[in-house]
Amino acid sequence: MFGTIEIGKSHKTADFTVTKKNGFYVYKRDKKTVELVAKKLELEIRPMMPTGLPEELTTLFLVKYNELVLGASEKTIIFLKIPIEVGVFFKGELIDRFGFVREDFELYGPVDGGRVVRAVNSNILENPDAHKDQKSAIIPLRIKNFSRKNMKSSQVLIDSNFLEIYYDKKRVATEMVKLDIRDAVSKVRYLNKAHFKGMTKITASKQTLKREEITDMRWDK
Amino acid sequence: MIDFAGIMSSQVVINILKGILTFFIGIIIVKRLESLFERAFRKKMPKGMAKSVSRLTYYIMIFILALISLDAAGFKIESLLLAGGVLGIAVGFASQTTVSNLISGLFLYIDRPFDIGDSVEMGKVSGIVQDITPLSTRVRTWEGPIVRIPNESVFNSEIKNFKKVAVRRFSYTIGIGYGSDVDKAMKIIKDVIKEEPFILTKPGPTVYLANLADSALEISVKAWTPENKNFSVKISVLQKLYSALTKAKIEIPFPKMDVYLKK
């Protein structure tokens, strides 16, 4: 499903079709039509985080999972499963984006000062290695309680700008995300390393690798 | 014989030259300082205001420089300052409004109720802030024209800034006819709202029977959207609500009065 596809005279997938007509290519999906001019058409299909439909109003998404209670200084790794979107790129430019589930917006924080985020409900995967699905992504999440008391965790706020995505023929996954639960403000950090081996990497748009990117969860109380 | 007149005149010439030299060296320093100030102000203020404030600083520095140069040239600046003071009072009275606008502009800068690009409503004007200068604020209204509002009026008016918040609520009161199925109408309204992707799920929308009014059962609908989607969602949902309610044959009445005549 993902990767670069060379288009001959026509190409058909379960989601879109491309046909050559009058010297240019016509990309069609539902009501969307894009006419592309190229001698030899190559389209790149990439998995994307669920923040762009119907419009990219935010790059933040809040993944919700069953509540965990972490004892003082305890840590764990869980694997979240979230729906993804698919981006169709022509010469590096996004020409279409589509998804498979309805996504909702919600407010994270108070009306004055809060942020609009995507709300994504997730299951915790018990056996991520056996997971085979290209319409969802696995987020390896390491949660650590830095507090001296028990702390609850039921959601993680992720900025798609900093999140690297990996894919292979069977599945899509992201880099490992670290959630540091603290008494004051919990922090989300991005590990910049593939968790599963042998996958193709898509570099995050704002990932600089020069400094560690951090997302604050200041209203997570 | 000593030539006092000659000495005096040469001293005067020297003093004048000293004054001129002081002024020219001062001008170079002042110009340099002005650009430094402008750069520093630009980091903290809107572009227009930074330029104006640095210009104002420049004129104040020029005034001080002129006094220093006159002093160096041997003029008695006390009398000049006295005359300047009298002139200042006269100019002050004449430019009361300008000064008031200037001070309001300064307070607006300190208070920062809005920035350039914010969508605001102040008094009767609503639109997007285009520029903030020491004397006035320019707002591009939703109809297109740019309105210049004196800062004094801006400072004294009630300002609603929609950009300072990420979300905004809209509300309707929808009247349905007496005898209509309220539960059915509320379900239709909730379904229409649920279909709209830009309506936030948290804080969630509220739909309730708000009032038994004279001519209708009034249902209150309140929903939150991202700030920049509020108007478009509000109008599109209202149209969908009307279509859905009329399709379900739920009466949306207009004010009416039943009159019974006694025989």
Side-chain angles (χ1 to χ4, degrees), chain A residues 30-32 48-65 67 82-86 96-122 152 154-161 215-221, chain B residues 111-115 117-122 128-129 158-171 187-207 220-240 244:
Chain A
D30 296 336
K31 288 175 187 172
K32 186 170 181 103
M48 299 180 90
M49 285 295 107
T51 54
L53 296 172
E55 202 176 299
E56 192 169 41
L57 294 180
T58 176
T59 58
L60 295 168
F61 62 102
L62 190 67
V63 187
K64 298 177 180 186
Y65 45 87
E67 188 175 87
I82 61 155
I84 57 161
E85 292 172 7
V86 177
D96 190 22
R97 191 168 183 164
F98 56 91
F100 307 102
V101 293
R102 156 78 187 259
E103 297 157 9
D104 291 317
F105 286 103
E106 71 172 52
L107 176 68
Y108 175 70
V111 170
D112 55 330
R115 304 277 301 270
V116 172
V117 300
R118 284 285 189 181
V120 180
N121 289 316
S122 165
K152 290 175 184 171
S154 61
Q155 57 184 21
V156 58
L157 183 68
I158 297 173
D159 192 333
S160 62
N161 273 339
T215 308
D216 284 344
M217 291 183 68
R218 71 179 67 181
W219 291 293
D220 209 45
K221 284 281 133 194
Chain B
D111 194 27
R112 276 180 182 264
F114 50 76
D115 289 311
D118 286 2
S119 101
V120 295
E121 190 181 305
M122 44 179 109
I128 292 177
V129 178
E158 195 176 272
I159 301 166
K160 278 187 194 171
N161 187 337
F162 301 111
K163 199 65 184 283
K164 293 271 181 197
V165 289
V167 294
R168 200 170 151 188
R169 197 179 74 176
F170 68 80
S171 56
K187 188 182 177 302
I188 291 167
I189 293 168
K190 282 177 186 169
D191 288 346
V192 169
I193 285 176
K194 209 174 173 186
E195 282 298 303
E196 174 54 53
F198 291 115
I199 287 181
L200 304 188
T201 51
K202 187 185 159 193
T206 52
V207 179
S220 174
V221 181
K222 293 181 169 116
W224 292 85
T225 67
E227 190 277 324
N228 57 348
K229 288 284 164 195
N230 191 272
F231 183 68
S232 58
V233 172
K234 185 180 175 178
I235 54 170
S236 98
V237 168
L238 187 62
Q239 194 176 341
K240 285 174 190 166

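Just so you know, these numbers use all the heavy atoms, side chains as well, and skip hydrogens, waters and symmetry mates. Lettering of chains follows the sequences in order, A, B, ..., and the numbering in each one begins at 1.
- L57(A) touches chain B through its side chain: at least one heavy atom from C-beta onward sits under 4.5 Å away, while N, CA, C and O do not.
- In terms of heavy-atom pairs under 4.5 angstrom with chain A, the leader among T225(B), V165(B), N228(B) is V165(B).
- Under a cut-off of 6.0 angstrom, the local environment of CZ in R115(A) is sparse, with at most 12 non-hydrogen atoms contributed by other residues, nucleotides or ligands.
- Judged by distance alone, with hydrogens and angles left aside, the side-chain atoms of D118(B) form no donor-acceptor pair with the main-chain N or O of V120(B) at under 3.5 Å.
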Exercise. What's the verdict on side chain to side chain contact (heavy atoms under 4.5 Å, CB included) for T215(A) and I158(A), showing C-alpha distance, side-chain angles and the deciding distance?
Worked result: CA-CA 7 Å; T215(A) 308; I158(A) 297 173; over 6 Å; no
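- For F162(B), the CZ atom counts as densely surrounded, since its 6.0 Å shell holds more than 12 non-hydrogen atoms of other residues, nucleotides or ligands.
- When each of D159(A), V117(A), V156(A), T51(A) is paired with F61(A), the side chain to side chain contact (heavy atoms under 4.5 Å, CB included) condition holds for T51(A) and for no other.
- With a 4.5 Å cut-off on side-chain heavy atoms, E106(A) and K64(A) count as touching.
- Residues of residues 194-204 of chain B that come within less than 4.5 angstrom of chain A, heavy atom to heavy atom, are K194(B), E195(B), E196(B), P197(B), F198(B), I199(B), L200(B), T201(B), K202(B), P203(B) in numerical order.
- Around atom CD of Q239(B), no more than 12 heavy atoms belonging to other residues, nucleotides or ligands sit under 6.0 Å away.
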